[in-house]
Peer 1: 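Have a look at this one.
Below, chain A is the first sequence line, B the second, and so on; all start at residue 1.
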Amino acid sequence: MSFLYYKDVIEEEDLVMAFISRNDIKPMIVKSGETLNTRYGVFPHDLMIGARYGEQIASAKGYGFIHLLQPTPELWTLSLPHRTQIVYTFDSSYVVQRLRVLPGSRVIEAGTGSGSFSHAFARTIHSNGRLFSYEFHKPRYEEAKGEFECHKLPNITLTHRDVCTDGFKVDGVNVDGDAVFLDLPAPWEAIEHLDEVVAKDRRVSICCFSPCIEQVVKTIEALTAKNWNGIEMVEVSGRKWEAHREMVRDVDEAVARLKDIKKRAVAGLERKRKLNQTSDEFENEDIDIQTTEENDISHKEPAGKGETDLKPKSDQNTKDRGYNPFGKGMRIREGDPAYNWINVTRSEPEVKSHTSYLTFAYRNQ
Amino acid sequence: MPGCNIIEEGKHVLVRLPSEAVKVVLLKGDSCISLGKFGTFSVSGVLGYKFGQSFEILENKLVKPVCSLIDDSKPLLLEDSNTFSENNQNLINTGSLVQKLSTQDIEELKKQGKGQDIINQIIAGHDSFGKKTQYSQEKYLKRKQEKFLRRFTIDYLGASEMLQYYRLKDPQRVLDMSNESLGLILSYANIRPGGNYILVDETGGVLLYAMLERMENEGSILVAHENEHPNLIALNYSNYSPELLEKMVSNLNWLQFLEADTQRPQWNNYPQEKIDRLTPPRRSHYLRKKRAADRVNNILDTVEQGNFDGLIYASTLYPPTLIPRILDTLGGSRPVVIYSPFKEILSETFHVLQKDYRILAPSIYETRVRQYQTIIGRIHPLMTTKGGGGYVLHATRVIPKEGGVTAVGRGIKSKRLKLDDPKVETRQPLE
């Protein structure tokens with residue numbers, strides 16, 4: 001399996017994405033004799049060779065597991081080593097669609113950065129397209145070059161170059177680009193160099209990706225000066241939602257529970273009074289006793305008194321709490337069939353509320 | 001892309017008007033196309049140009065190429081500081097009295113043709129134009145250009161354009177899917193040449209068209225549907241040949257799909273001598289029937305074989321009832337991508353999939369594009385935009401370990417004691 005072709009069984013030297021958890025996906029080249037160490041156990045690569053993509057495998061000890069996934073640009077985006085700020089799937093998927101990037105497209109990308117978007121471009125333009133990617137930072141260029149080779153992406157031509165000063169021409173190749181993506185600090189300096197490398201016989205589209213509005217202003221001015229038209233600027237806001245269940249708590253039941261508490265308080269009072277009478281103690285401590293009783297029901301019980309600690313935990317749920325329609329003080333699993341639930345969604349605790357402004361334009365000359 | 005570079009005869013194309021309306025038209029060689037108040041042009045005048053070219057309508061249905069739909073290449077107004085105000089202090093709303101030209105006058109002008117002339121005369125006839133600020137003048141001018149400029153752009157009718165056309169016309173027909181949601185679906189479904197996908201498409205074929213664009217004649221799509229025939233009307237406007245569609249797209253209804261054992265056409269070949277003896281009409285009837293039976297049997301064979309490269313689902317059939325029943329036809333580590341205009345539907349689906357060991361890490365995504373006004377000095381988001389756009393659920397089909405496996409996490413010690421019990425938890429706790 002690779003970023004370009006499907007495959008069913010894992011072989012030696014294959015790139016596999018080990019799905020350890022949602023926030024921990026490890027790309028690795030499978031090599032006989034090596035092992036993957038995770039906090040869920042140790043996984044010898046020999047267990048992976050011959051396994052099917054998608055398979056769940058147990059650790060060497062027999063418990064704890066991971067899933068072995070095929071690499072995709074989207075998984076790579078989640079797992080890659082960050083060298084720069086990267087373009088995420090919400091933005092990249094829209095740019096690819098908007099620029100009409102298709103199999104066979106000739107795409108210009110500057111700079112390469114961490115190579116996140118390069119993988120998405122390479123997948124879509126496929127074997128008969130070509131991605132011309134430029135990176136001016138030497139160590140980043142070297143790392144990206146190694147990655148593209150290791151990931152078997154022969155449709156990428158990577159060049160070490162500052163396009164703002166030296167342009168986009170590649171020796172011995174007619175770039176003939178029909179889609180341009182500029183993720184540079186100063187895209188307006190690169191725009192003037194595009195004339196010599198973009199296609200002449202068909203429409204060319206461009207997207208400039210900049211986080212600041214001041215950059216957008218300069219970009220629009222440069223695009224207008226160079227006869228790009230149909231200028232549009234947008235922002236993509238993406239959100240990931242988690243589905244959860246929220247308990248449906250009926251007010252009538254809350255009232256019924258209050259009644260029950262009151263009834264139990266009165267009963268407790270009775271008991272205490274009888275107790276007091278028999279032990280010949282004072283009689284008028286109503287108020288004090290009442291508040292203590294109420295505290296007992298709503299706050300103290302769940303924490304458990306000395307004796308419950310000695311018993312196994314499960315007893316926590318069987319202890320008599322009187323009428324307890326919402327399972328107060330008990331550990332209730334979300335979706336427990338003994339209760340009523342409503343399906344809800346919640347967005348992630350932290351949202352990427354701004355990535356960059358996307359300035360699109362077209363040219364027909 | 002061959003075929004999507006040059007405007008050619010016989011193709012369906014998208015026409016964009018200055019009012020931001022879009023039309024789908026067929027370019028028939030010797031015909032004329034009417035754009036309502038924007039005028040009429042003859043098709044021969046636009047052929048041979050590159051897609052994306054804008055035109056202005058001249059007299060006699062002729063056109064001349066222009067650089068853009070709205071004339072923003074030159075400064076909109078004279079740089080004479082006496083012709084605008086610093087603010088709108090002196091601008092008093094006198095309603096229609098402000099314009100010296102009557103509706104009739106304007107209608108007259110429109111008959112005479114040139115859009116720019118009309119706009120110039122309207123401005124000349126506008127009493128308080130000079131009392132507007134420069135910004136407000138530009139805005140006014142742009143509005144008049146949208147109304148009177150007899151310009152249009154011809155765009156290639158790709159899947160995005162088709163989606164835009166339907167969404168403006170009747171959002172329900174494409175399940176209110178936005179272009180950004182479409183892009184997200186295609187990326188998460190990992191659509192590429194050579195894939196074999198199952199598709200459930202209630203967007204009238206727009207989604208199918210978008211997938212075909214990204215597959216470039218390689219691979220296959222099995223369209224599963226709930227009627228006698230699938231509704232793929234959008235393909236009629238695509239520029240794919242029937243032969244190519246025949247090669248790449250097949251379809252099956254849910255009865256055939258889910259109850260393949262009883263729904264297989266029973267077919268007995270006649271011996272050759274019997275076929276030879278048939279009358280020509282009966283023979284062709286026999287052959288047609290045979291082809292139809294073979295077709296369904298072949299498709300059912302591929303379903304039985306399974307190992308599809310992705311499931312793409314955009315349907316109003318309730319996904320929790322359906323997705324689990326077809327998951328086994330997917331290969332390992334292949335995506336399941338479900339689109340719905342409603343987050344609630346996906347949330348229900350999420351809960352069902354989360355319990356299914358054949359599914360890994362379902363997530364619901366929402367993507368919205370916010371467009372900005374791009375006039376320098378006054379950049380801000382547009383004041384109104386289209387609502388809706390839909391939601392996308394993505395998950396991965398995986399192959400659970402036979403007999404289950406104990407997760408590491410809370411209670412691992414007590415679970416380890418019960419290792420003999422194959423029904424122990426096979427999920428790691430979510431982070």
Peer 1: Donor-acceptor check, side chain of A:H354 to backbone of A:P211, threshold 3.5 angstrom: yes or no?
Peer 2: yes

Peer 1: Classify the side-chain pair A:R363/A:N227 by whether it contains a donor and acceptor separated by less than 3.5 Å.
Peer 2: no

Peer 1: Less than 4.5 Å to any heavy atom of chain A: does that hold for the side chain of B:T396, its backbone, both, or neither?
Peer 2: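 Interface part for B:T396: side chain.
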
Peer 1: Please determine, by modelled atom types, if B:S178 and B:R368 share a side-chain donor-acceptor pair under 3.5 angstrom.
Peer 2: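 The answer is no; no qualifying pair exists.
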
Peer 1: Is the NZ or CZ atom of B:R192 both under 6.0 Å from the centre of the six-membered ring of A:Y6 and within 45° of that ring's axis?
Peer 2: yes

Peer 1: Checking A:R245 against chain B: side chain, backbone, both or neither under 4.5 Å from a heavy atom?
Peer 2: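 Both backbone and side chain of A:R245 come within 4.5 Å of chain B.
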
Peer 1: Would you mind checking which part of A:A120 comes under 4.5 Å of any heavy atom in chain B, side chain (CB onward), backbone (N, CA, C, O), both or neither?
Peer 2: neither

Peer 1: Measure distances from B:Q164 to the heavy atoms of chain A and classify the residue's part below 4.5 Å as side chain, backbone, both or neither.
Peer 2: neither

Peer 1: Examine whether an atom of B:I191 lies under 4.5 Å from a heavy atom of chain A, and if so say whether it belongs to the side chain, the backbone or both; otherwise answer neither.
Peer 2: backbone

Peer 1: Using non-hydrogen atoms only, which part of A:F90 is less than 4.5 Å away from chain B: side chain, backbone, both, or neither?
Peer 2: both

Peer 1: Check each atom of B:I376 against the heavy atoms of chain A and say whether the ones under 4.5 Å are side chain, backbone, both or neither.
Peer 2: side chain

Peer 1: So for A:V344, is it side chain, backbone, both, or neither that comes closer than 4.5 Å to the heavy atoms of chain B?
Peer 2: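 Contact with chain B involves the backbone of A:V344 alone.
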
Peer 1: Quick one: does NZ or CZ of A:R98 land under 6.0 Å from the six-membered ring centre of A:F360, within 45 degrees of the ring axis?
Peer 2: yes

